[in-house]
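Residue numbers start at 1 and run along the sequence shown.
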Amino acid sequence: MAELDALFDRTASLAARPRVVEELPGGLTNRNYKVTTPDGTFVARISAAGTDLLAIDRDIEYRNSLAAAASGAGAPVIEYRPEDQALIIRYIEGRTFGNADVADPANITRIAQACRRLHSGERFGNEFDMFDIQRQYLSVVRSRGLRLPAGYDGLAPQFDAARDALAARVSQTVPCNNDLLAANFIDDGERIWLIDYEYSGNNDPCFELGNIWGECRLSVDALEGLITAYYGRPMRAKLARARLLGLAGKYGWTLWGAIQHATSPIEFDFWSWAMERFEGAAEGFTADDFARLLEDAVRDD
């Protein structure tokens, strides 16, 4: 706490006293603290070392967080101290979602609206492509001799087939969060806020929607509802595209978990996390309808 207090003392937005500090749950690449002072209530995100292996750039995270805040989708950014690996944002009073909240039909339209709010904002300064990220992660795993789930390489042909099918139709990219697990939705009672822009970048909006499906364990019916709410009507090709990108996300995030399992100082079962994504990818890539998804992704809606 002495080290943390010293950091907060030299952070202009957090220096006022009396100061109440509460560690927040979650955060697999950083520590998050709720800090209340006479000046307000804030969240201090203190980054862990070694996240460069995960393709995280903290300067890009800061700039994209500013753009997300300007769009009305992200929390206001208060201060950035790269020398302390600290990003300070305004604390959003609200309820953090769980998977059941994301799946609730009453929230599907609101989540689509939150995504559209972000996606309609100022473009981010970088691109995010899971097919490129997966190659970067795989290079880290191979060069360091890290453990891979048995059978991972055997799914590469399906991963490549998904990439080729998606590339057959060019999709305009938009500013995306790219990491919307349930804990990154905050409901203040009026709107849903999207937080945590570590992996943000311009991307196919169907990746955002498909990644929500994958990370929050939504049913295909719930994903179809999300697609319909986002685009204003059912769209078979967009549904297929989102499912393929969701599977690509699971396949790529598996390597994220493998890297974290070997390198992270945070006490968390990263291997089980990685295996959960891998098993989801394997199930989807080997499903009877995978070939139909490839066909649907290139059709006209």
Checklist line | Close aromatic pair by centroid cut-off 6.0 Å: Phe278 and Trp271 | finding: no
Margin query: Rounded to the nearest 0.5 Å, what separates atom CG in Asn211 from atom SG in Cys206?
Written below: 12.0 Å
Notebook entry, point to check: Same cluster or not: are Val35 and Val77 linked, directly or through other Ile, Leu, Val, Met, Phe, Trp or Tyr residues, by side-chain heavy atoms under 4.5 angstrom apart?
Noted result: no
Check: With no hydrogens and no angle check, is any side-chain donor or acceptor of Arg116 less than 3.5 Å from a backbone partner on Tyr230?
Finding: yes
Check: Distance under 6.0 Å and angle within 45° of the ring axis: does Arg277 meet both against Tyr251?
Finding: no
Notebook entry, point to check: Is Glu276 salt-bridged to Arg217, going by a charged N under 4.0 Å from an acidic O?
Noted result: yes
Item checked: Atom of Asn99, atom of Ala182 and distance for their closest heavy-atom approach -> OD1-CB, 3.4 Å
Next item on the list: Inspect the surroundings of CZ in Arg58 and state if more than 12 heavy atoms from other residues, nucleotides or ligands are less than 6.0 Å away.
Entry: yes
Next item on the list: Give a yes or no on this: more than 12 heavy atoms of other residues, nucleotides or ligands lie within 6.0 Å of atom CD of Glu3.
Entry: no
Check: With distance as the sole test, does Asn126 use its side chain to make a donor-acceptor pair with the main-chain N or O of Ser200 at under 3.5 Å?
Finding: yes
Item checked: Where Ala237 and Arg299 come nearest, the two heavy atoms and their spacing -> CB-O, 3.5 Å
Notebook entry, point to check: Do Phe42 and Tyr91 have their ring centres less than 6.0 Å from each other?
Noted result: no
Margin query: How long is the straight-line distance from CG of Leu87 back to CG of Asp196, given to the nearest 0.5 Å?
Written below: 10.0 Å
Next item on the list: Provide the closest heavy-atom pair for Gly201 versus Asn64 in the form atom of the first, atom of the second, distance.
Entry: N-ND2, 4.2 Å
Notebook entry, point to check: How long is the span from the OG1 atom in Thr263 to the CG atom in Leu54, to the nearest 0.5 Å?
Noted result: 6.0 Å
Check: Out of curiosity, Arg117 CZ to Arg191 CZ, how far, rounded to the nearest 0.5 Å?
Finding: 4.5 Å
Next item on the list: Of all the heavy-atom pairs spanning Leu194 and Ala114, show the shortest one and how long it is.
Entry: CD1-O, 3.6 Å
Margin query: Testing Asp300, Asp296, Asp164, Asp204 one by one against Arg169 for a salt bridge (Lys or Arg N to Asp or Glu O under 4.0 Å), which residue passes?
Written below: Asp300
Notebook entry, point to check: Any chain of hydrophobic side-chain contacts (each under 4.5 Å) joining Ile227 to Ile192?
Noted result: yes
Next item on the list: Apply the side-chain contact (heavy atoms from CB on, under 4.5 Å) test between Phe185 and each candidate in Ile195, Asp101, Ile111; give the one that qualifies.
Entry: Ile111
Notebook entry, point to check: Is the shortest side-chain N to carboxylate O distance from Arg10 to Glu83 below 4.0 Å?
Noted result: no
Margin query: Under 6.0 Å between ring centres: does that hold for Phe131 and Phe159?
Written below: yes
Checklist line | Test log, rule ring pair (Phe, Tyr, Trp, His ring centres under 6.0 Å), inputs Phe285 and Phe290 | finding: CA-CA 6 Å; Phe285 281 153; Phe290 179 69; 5.5 Å; yes
Next item on the list: Kindly state whether the ring of Trp256 and the ring of Trp273 have centres lying under 6.0 angstrom apart.
Entry: yes
